[in-house]
Amino acid sequence: MRAQPKASHFIGGVYVEDKDGAPIDVIFSATGEVIAQLHAATPAIIDKALDAAKAAQMEWAAMTGTERGRILRRAADIMRDRNHDLSVLETLDTGKPYQETSVADATSGADALEYFGGLAGSLTGEHIPLANGDFVYTRREALGVCVGIGAWNYPTQIACWKAAPALACGNTSVFKPSEMTPLSALKVAEILIEAGAPAGVFNVVQGYGEVGAALVTDPRVAKVSLTGSVPTGKKVYAAAAAEMKHVTMELGGKSPMIVFDDANVENAVSGAILGNFYSSGQVCSNGTRVFVQKGIKEAFLTRLTERLEGAVIGDPLDPTTSFGPMISEGQLNIVMNYIEKGKEEGARLVHGGERIKGDGFFLKPTVFADVTDDMTIAREEIFGPVMSVLDFDTEEEVMARANDTEFGLAAGVFTNDLTRAHRVVAGFEAGTCYINTYNDAPVEAPFGGTKASGVGRENSKAAIEHYSELKTVYVRLSELEAPF
Ligand code: NDP
């Protein structure tokens, strides 16, 4: 097996196997080849992981933030040193081109470890003076054991985006990757141990949805952070709410990107490509509803289709490849069904729309024009390389249409009118907005959605609020009076 790990799970600082768990075949989506075979966590494995995380938490939280931060920053350095090997593994795990994984996955994970490692020593409460010398102080305390559950599109990044703020605040973690991409999180766990994290601080268990569900409902767990679809998010949120657990929900979207007549067409086309075809369109924040003002519609479509001819589709391990396969045959079929619906409902196919023959799960980058708001492809998250181009006349009209969705993850605008750009962004019902760019996600900036797209924020100082809580301590220095 090309990418077989030492064992399926990483618990208490070591690899652990239990072959009684349901088998998980890891498939390289460019060839259909099975590259590793793992097992889902049994109840005994889940128990062991939660026990390990619980046992490690007090000791980890008792270290100074500076000490915890040093370990996280050391882990970031190791990840950067091994970027090539980690990127190859990520490409095998996800099928995403090495051209992408070498700059956007382990590197993004390392950024999160470095950033939160840097913040760890400065996480404090505050002093609040009261009358007569009395005062209140707050302690910023860890929540306890945090469960992370990941989607399959950015396995290394998701593991680190959840682990880094959790660990910086003194929590410990059990992470369950998607069963389709189980490999990279194990490497993150290995690296954290190598960097000096005590055993049990970050654990990885594999499995399908039921393993995630068992983690979410366990009383040892204080917080759940999920990256996944809206239907799964609703289930996980409800299960966590039953025990009043903290949650962060990073869910799906159907985000609008608005291109006004006065926009730089070349930049707008770049934004539409970045916001629809990076990672073969398997990105939650993608701007898949591209509203183009009528005056530049044809110019936009012409340049877009010309530039799509430049996509290099093929072996994702080849550094010249810029467009890889879908994660799985199942996902490819879901996307093909949406393409059929788009045609049936009268959208005009202007590029792609077909599977590429072979053993891999390749699909051409696809663009529909003349899409209307009621079409299925304009309403539902496709999670594949399918762009819908819609026409509009006025700003007022397009804003109402852009916001007419249950989702609220991201939104973007391309215009050279500075005033309009800020007005439009203020009007978007979305958590993450872009002006003349799309899909940037630096660790310094909060990331997350509104409406059905999620709860809470990842990254930036905002994430600290979601991985710690304040304890308020009243201190009386003056005499204490009582009514009797
Ligand atoms: P899913 O919602 O199908 O799964 C997400 C994770 O939840 C998987 O690990 C899954 O396990 C697990 N899971 C499924 N059911 C349960 C349950 N009842 N309790 C606990 N865990 C469960 O999403 P996908 O993996 O298909 O990922 C694609 C989705 O993720 C898209 O909607 C996309 O928009 C969203 N996403 C959001 C991002 C964001 O930051 N907002 C970023 C990336 C993706 P299993 O896979 O074994 O079913």
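Positions are given from 1, in the same order as the sequence printed here. Bear in mind that the values here come from a model prediction, so they are computed numbers and not experimental data. Counting convention: from 1, in listed order, for ligands and their atoms alike.
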Is a donor from one side chain sitting under 3.5 angstrom from an acceptor on the other, for K451 and T405?
no
Quick test of your reading of the model: are E458 and K162 salt-bridged, counting only N-O distances below 4.0 Å?
yes
So which heavy atom in the protein is nearest atom 7 (O) of ligand 1, and how far is it from that ligand atom?
I149 CG2, 3.3 Å
From atom 38 (C) of ligand 1, work out which of G209, G449, S328, C284 has a heavy atom at the shortest distance.
C284
May I ask you to identify the nearest protein heavy atom to atom 28 (C) of ligand 1, giving residue, atom name and distance to one decimal place in Å?
F383 CE2, 3.6 Å
At under 4.0 Å between heavy atoms, which part of E381 makes contact with ligand 1: side chain, backbone, both or neither?
side chain
Once you restrict to heavy atoms under 4.0 Å, what part of T227 touches ligand 1? Side chain, backbone, both or neither.
both
Under a 4.0 Å threshold between the charged nitrogen and the carboxylate oxygen, would E465 count as salt-bridged to R140?
yes
Check ligand 1 against A213 and write out every atom of the ligand that is under 4.0 Å from a heavy-atom position of the residue.
19 (N), 20 (C)
Would you tell me whether T101 and D105 have side-chain atoms, one donor and one acceptor, within less than 3.5 Å of each other?
no
Carboxylate-amine/guanidinium contact K461 E444, below 4.0 Å:
no
Considering the heavy atoms of G212, write down every atom of ligand 1 situated less than 4.0 Å from one of them.
19 (N), 20 (C), 21 (N)
So that I can tick it off, tell me whether R220 and D47 are bridged by a salt bridge, with the cut-off set at under 4.0 angstrom between side-chain N and carboxylate O.
yes
Closest to atom 23 (O) of ligand 1 (heavy atoms only, candidates S285, S229, G207, G148) is S229
Would you say E179 has any N or O atom under 3.5 Å from an N or O of ligand 1, going by distance alone?
yes
Which is closest to atom 15 (N) of ligand 1 in terms of heavy atoms, T232, V211, L251?
T232
I want to know whether W161 and Y115 have ring centres closer than 6.0 Å.
no
If hydrogens are left out, which of A151, G150, G252 has an atom nearest to atom 8 (C) of ligand 1, that is, the closest non-hydrogen atom?
G150
heavy-atom search around atom 40 (O) of ligand 1 in the protein gives E250 CB, 3.2 Å
For W152, the ligand 1 atoms with a heavy-atom partner under 4.0 Å come out as 24 (P), 25 (O), 26 (O), 27 (O)
Electrostatic pair E33:R2 at N-O distance under 4.0 angstrom
yes
Cut-off 3.5 Å, no hydrogens considered: what does the side-chain donor-acceptor table look like for residues 9-18, sequence neighbours left out?
residue : atom : partner : partner atom : Å
H9      : ND1  : Q206    : N            : 3.1
H9      : NE2  : H39     : O            : 3.3
Y15     : OH   : E190    : OE2          : 2.5
E17     : OE1  : S8      : OG           : 2.9
E17     : OE2  : S8      : N            : 3.2
E17     : OE2  : S8      : OG           : 3.0
D18     : OD1  : D20     : N            : 3.0
D18     : OD2  : T42     : OG1          : 2.7

Between G228 and ligand 1, is there a nitrogen or oxygen pair with a distance under 3.5 Å?
yes
Starting from atom 44 (C) of ligand 1, find the nearest protein heavy-atom neighbour and note its residue, name and distance.
N153 ND2, 3.5 Å
Who passes side-chain contact (heavy atoms from CB on, under 4.5 Å) against H351, sequence neighbours left out?
T305, L308, E309, V367
Numbered in order shown, the ligand 1 atoms found under 4.0 Å of a heavy atom of S178 are 9 (O), 46 (O)
Hey, which atoms in ligand 1 end up nearer than 4.0 Å to a heavy atom of L226?
6 (C), 7 (O)
When you measure from the heavy atoms of G454 to every atom of ligand 1, does any distance fall below 4.0 Å?
no
Any nitrogen or oxygen of K176, main chain or side chain, under 3.5 Å from a nitrogen or oxygen of ligand 1?
yes
D374 and T372: side chain donor to acceptor below 3.5 Å
yes
Heavy-atom contacts under 4.0 Å between F447 and ligand 1: side chain, backbone, both, or neither?
side chain
Does any donor atom in the side chain of H84 or Y98 lie under 3.5 Å from an acceptor atom in the other side chain?
yes
